[in-house]
Amino acid sequence: MNQNPTKHTKVLIIGSGPAGYTAAVYAARAMLNPILVHGMEPGGQLTTTTDVENYPGFAKVIQGPWLMDQMKDQAKAVGTEMIEDHISSVNFKSKPFEAIGESGKKYTADSIIISTGAQARWLNLESEKKFRGFGVSACATCDGFFFKEKTVAVVGGGNAAVEEAMFLTKFASKVKLIHRRDKLRAEKILQKKLMDNKKIEIIWDSVVEEIVGDENPKNVKGLKIKNVKNNNISDLKIDGLFIAIGHDPATQLFKDQLKMDKEGYLITKPDSTETNVPGIFAAGDVKDKIFRQAVTAAGMGCMAALEAEKYLAS
């Protein structure tokens, strides 16, 4: 018996998370019998988020991992086949489209929805891992609310960092922007807004060496900061730290197959999830670097499934 048979489906969904699971729900309900291939830790960035207060439909605080489990169960309940495998190569140049898993399994599909997401870049410090979700975050829109009248720091120097810092001034009493150079990369108009804001202080030529805090309950108390010009280490008292040094979309797999922007995000047609290859759709953070919310990813997952259904019908 062949150990690695080819599996064919009308709709193959690569990646889980709100975009993939919502696409699966809609595709399954359209009787397309989708297959969703997810990695070892399904659910994407939300599985590393604790409190979620901004997902519509829940008056009380919910947990990110719980929300993803619910979406996964819903997609299964309506008829999605879930397979744990890691897609290691794809061929979109001929029909049906092909995806090869690390398991050796070959998946062929009449249409494909890509929802492989993105990951925030972290500083990769031990102390950062320890306090992630306990005062260390990579999303001000998600977590700014928890820092009312507190002092927070943002690390970064690009548009994202400046926007996060500006946003945080709505809640925090003081925002410190830590940048390793002596000038920002952000657009001039944003820089001006930043400089004009009395709540923001910029700490130039500096990097975070360590995040300091309490064990029980776990929370951030401060930072050890190193000046890169003279190597002096100083202590900074803060209640929260936001990392804004960029995101990496999970698109290595699609290089030379699909159009991307210079940062590696998949490019789709306006008001659509269709990529430059008809029949291949992209939803969620893999194509969206502007909103990056669970609800917008889910919305795009719905769009992708409806567009795939229309594509298959024609």
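In this text, all values refer to a predicted model and were calculated from it rather than measured experimentally.
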Report summary line: Smallest heavy-atom separation, Leu184 atom then Met195 atom, equals CD1-CE, 4.3 Å
Requested in this report: For residues Pro18 and Met71, report the shortest heavy-atom separation together with the two atoms involved.
Outcome: CA-SD, 3.7 Å
**Report entry** Worked check of salt bridge (Lys or Arg N to Asp or Glu O under 4.0 Å) between Asp261 and Lys289
**Finding:** CA-CA 11 Å; Asp261 70 10; Lys289 56 181 169 190; 2.5 Å; yes
Before accepting this row, confirm whether a basic side-chain N of the pair [X]/[Y] lies closer than 4.0 Å to the acidic partner's carboxylate O.
X	Y	answer
Glu126	Lys129	yes
Arg181	Asp205	no
Glu187	Lys193	no
Lys7	Glu81	yes
Asp196	Lys192	yes

Query raised in the report: Is it the case that one hydrophobic cluster holds both Leu236 and Val220, taking links as side-chain heavy atoms less than 4.5 Å apart, direct or via other members?
Result: yes
Query raised in the report: Just by distance, with hydrogens left out, do Asp285 and Tyr265 show a side-chain donor and acceptor under 3.5 Å apart?
Result: no
Query raised in the report: Just checking, is any N or O donor in the side chain of Thr273 or Glu307 under 3.5 Å from an acceptor N or O on the other one?
Result: yes
Report summary line: In Ile113, Asp85, Ile112, the residue satisfying side chain to side chain contact (heavy atoms under 4.5 Å, CB included) with Ile14 is Ile112
Query raised in the report: Of Leu12, Thr9, Ile13, Ile83, which is the lone residue that meets side chain to side chain contact (heavy atoms under 4.5 Å, CB included) with Leu36?
Result: Ile13
Query raised in the report: Has Lys148 got more than 12 heavy atoms of other residues, nucleotides or ligands less than 6.0 Å from its NZ?
Result: no
Requested in this report: Verify whether the ring centers belonging to Phe242 and Phe147 lie closer than 6.0 Å.
Outcome: yes
